[in-house]
Structures are given as C-alpha cells and as structure tokens.
Amino acid sequence: MKSVLVRDPLSLFPRIGDWLEPQGARLLVKSGRVELGQGIDAALIRIAAAETGLPHGAIAALPAATHLSPNEGFTAGSLSITVSGLAVRQAAAALRSLAIATAAEIRGCAADALSIRDGHILQTGEDTGLDLLGLAQGLDLSTLVRETPVIDTPRNGAVPDTRPDLRARIAGAPFLQDIAMDGLLHGRVIHPPNVPAQLIAVDEAALAARPGVVKVVRDGAFLGLLTEVEWHAVRAAEWAAAHVTWQYEDNAPDDVRDALRTSNVPPELSLEEGDAPDAGARRVETTASRPYISHGSIGPSAAIALWQKDRLQVWCHSQGIFPLRNAMAEALGLAPESVEITFVPAAGCYGHNGADDAAMDAALLARAVPGRPVRVQWSRADEFGFAASGAAMVVEAEAFLDADGRIAGMVVRPRSAPHMNRPGSGGHPNLRALSLIEGGSPPPVPRDLPLASGGGSDRNAAPLYALPYRKVEKRLVDTLPYRTSSLRALGGFANVLAIEALMDDVAAATGTDPIALRLSHLDDPRAQAVIRTVAGMTGPRPSGGDGRGWGIGFARYKNTAGYCAVLADVTVDEDVSVNRIWSAVDVGEAISPDGVANQIEGGILQALSWTLKEAVPVAAGRVTAQTWDDYPILRFSEVPPVTVTVLDRPDDPPLGAGEAAAGPTAGALSNAVRHALGVRIPDLPLNREMIARTLLRG
Amino acid sequence: MTDRHVFDLTVNGVPRRVEAEPDMPLLYVLRDLMGERETRFGCGDGLCGACTVIVDGRAAEACDLPVSAVAGPVETAASLTGPAGDHPILDALLSRNAGQCGYCLSGIAMRAKAFLEVTPGASRAEIARALDRNLCRCGAHNRILDALEQAAAQMEGTA
Ligand code: FES
Ligand code: FES
C-alpha cells in the first residue's frame, strides 16, 4: 500500500532555531501548525518538556505566524502530531544534546555524568548551578537538527497530560474575538446569498445614516460597514441585509442527493486491484448518503485586519495561514511579503469554515480606513449561509460472494460534491469576496484532492479488508451551486459508512456474525486488535429486533493513519436513542493519551450528531439555515456514555487521532439501527422523518 | 443620534456605570463597553448558550437580555477564579481536561453554577437536562458532565 505523501518539515526547516526559541525564562515552541481546539499546543509542549527535561510550565507554544513560524501549509488530515510533533521532538532532543555537551565542557566531565531535573543540570545527582534554558541562550541555534549527535541524558519522568490553555479558554479572554486594540473598528459585511452575485440595489446614504455607522464600504458587489460600537454594527448589518437586492443564480436543485444520483458526470477510476469476480457471483448491494453538513463551530468566523501603507496585517483563525497569505496577496495585488498573518485561536475548527473568507472581508474593510484595525465578526446566519458546508455524498457499494460465502470483491462508487475549496485551490485565491469586488474573478471549478493526499471524494473508498478484488469509481459533481469544502474526514465519513453497512448486509445475507466476518476478512493485526478490543468491552449485546440493536463500524483513517473501531447500542422508538458507545483506537504512539481519548470521544459525538440529526437545508440556490433552530445538533441530554480504549503502541509512529472516529461511528450507528429495525436506513440523518419515510417506502 | 441612558450594574461584585442604548444586549455591554470579554458571542439568538451569565442568581443568555432589563448583580466566568482560589466548577473542568476548544465552557460553567447552587447534589441526568440550552460542537459533553458531577458533590459538601 502506498503511504500518504507528507513533506518532511525538517528538510524544509532544518535548524533547531526554526522550531525552538529560548526567551527569558521560557522555551517557545514554534510549529507552523495551528491550535484548532484539538490540543496540538498542549501535545507539542508535552513533547518538548519530555525531551528537554524542562518543567512543563517553562514551555509555551508560539502561535503560528507567517513571519515567525515554519510554513507547514494547512493544519489538516490529522497530521499535526505525525509530522510537526516529530520535528519538535527531534529539535528538542538536539537542543538538549547541545546544552549537555556544553555543560560537560564547562564542568570538564563526561556527558553521561550529567542529568536534567526541572531544567537544572545535575552532575552525579548534585546541582551544578547550570540550567538548560540559560545554556540554550548561548547556543548556536542555527545548528542543524539532524547533524546534532543525540545525547540521551536522564531527565524528568512523567510530564503532566493537561491542557495548559484551558483555564483562559474558560475564564479569560484568549480568543481572536477577545483581542483589544487601540482604535479598533467593528466591521460587518452584507453577504449575498450565493456567489457570484450582483448588488442590484442598495441605499448607501440610508445605510451610512444608521446609528453609529462611521463608514460604508462598497466595492462592486462587496458591501460592508464600520462602526465604533459593536452593537451598532450588528444592528446596521441587520438593517442592510433587509434592504439590499441581489441577483444570483437561483435556478438550482433543492434535492442535492437526487442531483448527485442523477448526475451524468462520467466515472473516474481511482483504484482497481485484483481479478474481477465472475459475472454470476452472488451480490450484495447497499447505498449510503449524507446531506450537506455544517461545520457548526460554536463561534462564527472572525478576523482582524490592519492596513498601513502597503503592509497588511491580519489576525485570524485559518487552518492554513501561509496558503491564506499567498491567496490574499494575490487577490489584493500585494507582494506576499507585505501580508503578515498571525493565527489566534477561536472556537473549535473542524475543517475549512468561514475563517479565511472573514479574513478577506476584514482586509477589504480595513483598506478603507488605513491605520485603524478592523474586526469582522460573522453572524451565526453568515456562518450557516456563507461558509462552505461539508460535501453531500451518495455512495453505492457492492460485494461479490464466492461459493463459500466469503467476499471475493468489492466495488465502491462515491458520488460527491467537492471537498476542496480552500484558499489557493484550483490555482485561484478562492476567497468568497474576490468574486464580488470590481475586477475580481468568480470561484474556480473545484477539483478533487489527489489520493496521494488521502483523497477527497474517494478518501477511504478502498476497503481496508483483504479482498481478492477491489475497485473504486468516483464521480465528482461540481455543478451544484452550493459551496462545499473540507470537513473533518472528508469523503472518509460516507465511504466508511457505505463499506461498513455493506459488511453488515453481507453478514446478514450469509448468516455470519458481523465481528467474525470483519476479522476473517482482515489480515492487518492492528486492525483486528481494535475490533477484538472493542468487542471485548461491551458485555452481553442486545439480540436485535424489537427496536433494540447493536452495530459495529471500523476503519483505518485514509487507510494509512489511525485505526478505530466503534460499537453502538441503540434503541429505536420513533427516534434513535443511543444507549452506549464503545471504541478502541490505535494511533501508534500516543503522545498525549488523554488528548487522544478526548479527540476520539469528541469525534464520536460529533459524528453521532451528523449521523442522527444534521442536514443543511438549501433551496433556490442558497442555504436557508439561519439559526440553530434550523440546524439542530446533539444536546447534552441526548449524549450516551462513551468509553474509549487507547491501545498504546509506544514503538510505532504516532498517527493522529482527529478524524479517525467519524466514519466508524456512522457505520456503527447505521448498523445498530438496522439490527434494531431489521431494515437498512440508507440516507442520513437517521431521524424520525427519515426512518418513517424509509419504512413507508418499504 | 442615538438614545443613550446611564446604567449602574454590578459585575462580579464591582459596581460599573455605562452609557448605552436601552436595547443593547448585556453581551455587548460586557464585551465591548466594559472590556469583560470572558463571556462569548455564539449566535446572538439565545439558542447556543455560549453567552450565558448569571443575573441575580439565575442563568441568562446575555445576547438576549437588553441592558435595561438587567435586574440584579451580574456574574461572569471571570468570577470562577480569584485570590481565594478556583471555584469547584472551574477546578473540576480543568482537572478533567473537560473541553477541546473551550469556547462553550464559559457559558456552560455559568449555567452549571446557577443550577447547582439551587440544586445541590443534582444527578448527572439532571445536570445534562439543565445544560440542554448550551451547545458544544467539539463533543466534550461527557467530560463536562463528569466534571460537573464532581463539582456538584463538592458544592453539596461545602454548602
Ligand atoms: S450567543 Fe447567546 S445564546 Fe448564543
Ligand atoms: S469544547 Fe469546543 S465547543 Fe465545547
């Protein structure tokens, strides 16, 4: 199997100082990865503490910034720990080794007489008065990480597995939305329902006269306003939204899954391996689909921009500050060096949400008031309506059985809206506002992600099961006018759902136990181990029928990253209620075992919410959801107990945890509902209406 | 041009005077006029709970409460920590790493505080029901409930 292509950050940023910077009493970790709420900063701090022997509290993560950090592209694909974590680990080991070598020289002793405790350097157990941070200030940090001989000095034992940033996130003001700046203006943009669009009518004078409005900014169909007081901006934007007329393409299908099913886009072969089964082989077929899914971050997108002469500074919560810098520079006609972007954390991010577009909005408003910082805060309705949604998909999957009832082959056929509309994709800045301003350009035709990056619509479409024949045929449907982009797990969610539903349908058709069927079609011991582990966690399982059932789902994310098995126990009355969920996960070495468990628990509950409740409503070319009433998500009293076992593999490379649970959770829930009802509900969400509709259809 | 009034509020025990339009929601008064930014904007529609504060002992969505309707002292999440140490709710959330992005937690902590103060020893299911107006997108619900159960027991013991 080919592994995912990942650029080696240490070959691009080879020096210790590219990753670590001693500053006073602290060591700063400078990764180009951004803290999306997933705990990456805490994990990097943990790595640096373990390697250097510095106390946990003496290490801080420097927020990524285009002028300060290594360019690591996007923080996506569950690669942060796999890639940056290892680079930080090696850089920290090199820093420690240099410091110890220097200390040995100063003391005139052998390096192996030295040890480190809480940053202090000890010689045969006695404090030498030297400390690692002090020595580090004098070291040549342009030394190459890979050329520093590693000295494995004994040092502090366990590093606490905590989130040092959490306190401020609860009781303080650490978010982008909270930054105070002198002279800050509040900006709001009046967005058209879709792009491209024309602004047919607006009374700019009336808008400028609304209470508190200090400026109206108009550039083509881009319309915004500025105020000194935030509440005035909220009110003026509401007024404006009700008093503008737009023209945009409103002749569009409302049933996107139907549009996907009937699209005549020719299929593209993304994989064919082995010998095709006989035409006469017994077949089992299933389909799975999901609607558009909203990212649903609790804090809508925001950004701050400050324009001074030809220099633009931006503070934002983008997943990719470097690609965004290049995209904004191109869109605004600036040199990339003139644009400086600093990442500041905001509410949880699960993919390509409105962060990048909000940054462009802020820049366009700030351009009208040079020297004054402008903060743009999208409303909840803006985020539902104008941020890209996760792509709708319809997946057909088919299994061929041999004479013994074993699976001789599988064909998986995803039909999908695009998963990639990030800044810079499609050879275009791909920022929403660029299609509105004078001299701008409409969004490019989206492309799919290549399989070498894990794939987009065909992510996880190749079954991991050991089968004599596997084929994946994808169709990327790029003709729908609703903007979609990367959301946690991309096509891996619906493809795993389809494959895992098919496995259970085969189990039912052949009278096999679903767990035994999976184990007997896997040859990867790590895959088998997570399935066996989860099966052993549950105790007796319901026997099925009568509205109670259980189901399992399994995948290895991208077929190259973390292994995850999920088992669900559900009761289906009119609604599905989930009694309990268990999961076993193998992400290789778990740098922060609690962080891994946290990501898996969260991934399970988010996927549970997608699977049982969520669908972005669209009509006549626009997203119609405005408030949480239009887009219900999981609530506290609907949350089942979730038990996660993290299999520790200290000797295997860390694989990342963020997206591993999504597809397996959907598979487990769909299979549990089938077990409870005796009927497969192929289309998500598995809510009361969908179940009733499916049962009525017979 | 705008119809401004003077309001005298008490925020975390400190008297604060502001001039604002009567319809300005408490959320914007706190964040924008007073610089008290530990209360979050989530939806502005009273539907997510991110902005929950305590007014006169009861949980209230600050985005949905005009400043003119604020009757009684206001408590925000900043009140959970101080020279006397951390409130059991903050302490429990931190000790269990109960959150991912944490954006929802300021409001959840305040809703839980108001609830547990009048319902000491509440069960997990009761706490979950009390939090149904607060959304968490990261899926940290179970950790949050674990922490609040711990805090509930502790608050009952010290009540
Ligand atoms: S911001 Fe107040 S309830 Fe959502
Ligand atoms: S921890 Fe992110 S929304 Fe709750």
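The basis for the numbers below is simple: all heavy atoms, side chains too, and nothing from hydrogens, waters or symmetry mates. Chain naming here is simple, since letters A, B, ... match the order of the sequence lines and numbering starts at 1 in each.
Both the backbone and the side chain of Asn97(B) have a heavy atom closer than 4.5 Å to some heavy atom of chain A. Contact annotation for Trp378(A): only backbone heavy atoms (N, CA, C, O) come within less than 4.5 Å of a heavy atom of chain B. Of the two parts of Tyr103(B), the backbone and the side chain both hold a non-hydrogen atom closer than 4.5 Å to a non-hydrogen atom of chain A. If you measure heavy-atom distances from Ala597(A) to chain B, the contacts under 4.5 Å come from both the backbone and the side chain. With a 4.5 angstrom heavy-atom cutoff, Ala168(A) touches chain B only via backbone atoms. Heavy-atom distances place the side chain of His186(A), and not its backbone, under 4.5 Å from chain B. For a residue to count as touching a neighbouring chain, one of its non-hydrogen atoms must lie under 4.5 Å from one of that chain's; by this rule Leu27(B) does not touch chain A. Both the backbone and the side chain of Leu93(B) come within contact range of chain A, judged by heavy atoms closer than 4.5 Å. In this structure, chain B has a heavy atom under 4.5 Å from the backbone of Ser294(A), while its side chain stays farther away. Using a 4.5 Å cut-off between heavy atoms, Ala20(B) does not touch chain A at all. Within the 4.5 angstrom heavy-atom criterion, atoms from both the backbone and the side chain of Ala78(B) approach chain A.
Scanning all heavy atoms of the two residues, the minimum distance from Gly602(A) to Gln100(B) falls at CA-NE2, 3.8 Å. Between Trp231(A) and Asp23(B) the shortest heavy-atom distance is NE1-OD1, 3.5 Å. A pairwise comparison of heavy atoms in Phe175(A) and Gly102(B) identifies CZ-C, 4.2 Å as the closest pair.
The distance from atom CZ of Arg96(B) to atom CG of Asp594(A), rounded to the nearest 0.5 Å, is 10.5 Å. Put simply, CG on Asn142(B) and OG1 on Thr643(A) are 8.5 Å apart, with the number rounded to the nearest 0.5 Å. Interatomic distance, CD1 of Ile144(B) versus CZ of Phe636(A), reported as 4.0 Å (0.5 Å rounding).
If you tally non-hydrogen atom pairs under 4.5 Å between each of Ala173(A), Gly348(A), Ala171(A), Ala42(A) and chain B, the highest count goes to Ala171(A). Among Leu47(B), Leu105(B), Val29(B), the residue with the largest count of heavy-atom pairs under 4.5 Å with chain A is Leu47(B). Contact count against chain A (heavy-atom pairs under 4.5 Å) is highest for Leu135(B) among Ile108(B), Thr81(B), Leu135(B). Put simply, of Ala125(B), Ser106(B), Cys138(B), the one with the most heavy-atom pairs under 4.5 Å next to chain A is Cys138(B). Note: Arg40(B) leads Met110(B), Arg31(B), Arg40(B), Glu36(B) in heavy-atom pairs under 4.5 Å with chain A. By number of non-hydrogen pairs under 4.5 angstrom with chain B, the leading residue of Val234(A), Leu184(A), Leu608(A), Leu605(A) is Leu605(A). Ranked by heavy-atom pairs shorter than 4.5 Å toward chain B, the options Arg635(A), Arg380(A), Glu383(A), Arg163(A) are led by Arg635(A). Across Leu80(B), Asp86(B), Leu90(B), the residue that shares the most heavy-atom pairs under 4.5 angstrom with chain A is Asp86(B). Of the listed residues Ala346(A), Ser297(A), Ser609(A), Gly299(A), the one with more heavy-atom pairs under 4.5 angstrom with chain B than any other is Gly299(A).
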Derivation and outcome, side-chain hydrogen bond (donor to acceptor under 3.5 Å, both in side chains), residues His232(A) and Glu21(B): CA-CA 10 Å; His232(A) 296 156; Glu21(B) 289 93 326; 2.5 Å; yes

side-chain contact (heavy atoms from CB on, under 4.5 Å) between Asp629(A) and Asp45(B), intermediate numbers included: CA-CA 10 Å; Asp629(A) 275 345; Asp45(B) 305 310; over 6 Å; no

side-chain contact (heavy atoms from CB on, under 4.5 Å) evaluation trace for Cys101(B) with Arg169(A): CA-CA 7 Å; Cys101(B) 75; Arg169(A) 287 169 182 258; 4.0 Å; yes

Verdict with supporting geometry, Ile170(A) and Leu94(B), side-chain contact (heavy atoms from CB on, under 4.5 Å): CA-CA 9 Å; Ile170(A) 301 170; Leu94(B) 293 176; 4.1 Å; yes

side-chain contact (heavy atoms from CB on, under 4.5 Å) between Val642(A) and His141(B), worked out: CA-CA 10 Å; Val642(A) 176; His141(B) 305 73; over 6 Å; no

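The local environment of CZ in Arg58(B) is sparse, with at most 12 non-hydrogen atoms from other residues, nucleotides or ligands closer than 6.0 Å.
The side-chain heavy atoms of Phe41(B) and Gln177(A), taken from C-beta on, include no pair separated by under 4.5 Å. Using a 4.5 Å heavy-atom threshold, the side chains of Glu230(A) and Leu33(B) count as separate.
A salt bridge links Arg137(B) with Glu614(A): the closest approach of a Lys/Arg side-chain nitrogen to an acidic carboxylate oxygen falls below 4.0 angstrom.
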